[in-house]
**Q** 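My questions all concern the structure below.
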Amino acid sequence: MIQTRTETLALTDGTQLRLTAAEPDTVLRGGLVVLHEARGVTERVRRLSGLLAEEGWLTVAPHLYHRDGTDEFHDHHPEEHVHDQVQRLSGDSILADTDASFLWLSDHGVPADRQGIIGFDVGGTAALVVAASRTVGAAVSVGGRGILDPLSSALPPLVEIAGELACPWLGLYGDDDEEIEPGEVEKLREVTDTAPTATDVVHYPGAGHRFDRDADAAAEAWQRARNWLDLHLR
């Protein structure tokens, strides 16, 4: 599998954004900003970035917690630490970090119409925030809380912005009994159906919010995400 590397980029707010990138060794198809799960840029995020790079995508994963000096929460970190970090996310910080990531892709030769974004868990929430505020080639959210109740005090409920999606967006949701109440995904579907762009929402009952309970659903969702990016980033 293609290995990732991490570099640092200076932002205009005076902070140093860390970026984990994976570069394909085949013909470049386009570029993807990969938004990490709640525990940060974990080994799983690096592995998924490498898998996407193997298919020809130049991938870059911004470390969204960099302002607090955090890259990753390991398994021994209590969930309340993770929760506290997620609560510090804001729309402004997410957009600043992803804007810098898209600029990084442009500087590495990827044209704007072949740039997309994919996020997992908390990153899925952030991907929708970006897709409702920026014009990129395509977006995919694999899970993502905050549909009716905001993920943090500095983020809007997703149903309030989902109708403003400015690029083709795909939402893939498994079950998360503790975080996403029954009916929330369908409510999100109703709102995204009003957006002036192509959207799709797919719900996988029994798959688990990280698609860890149903291997077939996980494989189908992963293939659907890649198909969506391939379709819209040409």
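Note that the numbering runs from 1 along the sequence shown for the chain.
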**Q** Regarding E7 and R18, does a basic nitrogen lie under 4.0 Å from an acidic carboxylate oxygen?
**A** no
**Q** Just list the side-chain donor-acceptor pairs under 3.5 Å for residues 150-168, sequence neighbours left out, or say none.
**A**
residue	atom	partner	partner atom	Å
S152	OG	L89	O	2.7
S152	OG	A154	N	3.3

**Q** Is it true that E72 and R46 make a salt bridge, defined as a side-chain N closer than 4.0 Å to a carboxylate O?
**A** yes
**Q** Test of understanding: with ring pair (Phe, Tyr, Trp, His ring centres under 6.0 Å), list the residues that count as partners of F73, not counting sequence neighbours.
**A** H77
**Q** Salt bridge or not for R234 and D113, using N-O below 4.0 Å?
**A** no
**Q** Are side-chain heavy atoms of E79 and R39 found at a separation under 4.5 Å?
**A** yes
**Q** Going by atom types only, do D97 and H66 share a side-chain donor-acceptor pair under 3.5 Å?
**A** yes
**Q** For T15 and D13, test the side chains for any donor-to-acceptor distance below 3.5 angstrom and give the result as yes or no.
**A** yes
**Q** Give a yes-or-no answer on whether the side chains of T20 and T6 include a donor-acceptor pair shorter than 3.5 Å.
**A** yes
**Q** Run the side-chain contact (heavy atoms from CB on, under 4.5 Å) test on L128 and L188 for me, step by step, so that the C-alpha distance in whole Å, both residues' side-chain angles and the decisive distance to 0.1 Å come before the verdict.
**A** CA-CA 11 Å; L128 195 155; L188 182 63; 4.3 Å; yes
**Q** Anything under 3.5 Å between a donor and an acceptor, one on a side chain of residues 194-203, the other on a protein residue two or more places apart or in another chain? List them.
**A**
residue	atom	partner	partner atom	Å
T194	OG1	V191	O	2.6
T199	OG1	T192	O	3.2
H203	NE2	D175	OD1	3.1

**Q** Not counting sequence neighbours, which residues clear ring pair (Phe, Tyr, Trp, His ring centres under 6.0 Å) with F211? List them please.
**A** Y204
**Q** side-chain hydrogen bond (donor to acceptor under 3.5 Å, both in side chains) with E80: which residues, sequence neighbours excluded?
**A** none
**Q** I'd like to check the side-chain contact (heavy atoms from CB on, under 4.5 Å) partners of L9; sequence neighbours left out, ordered by chain and number.
**A** L19, A100
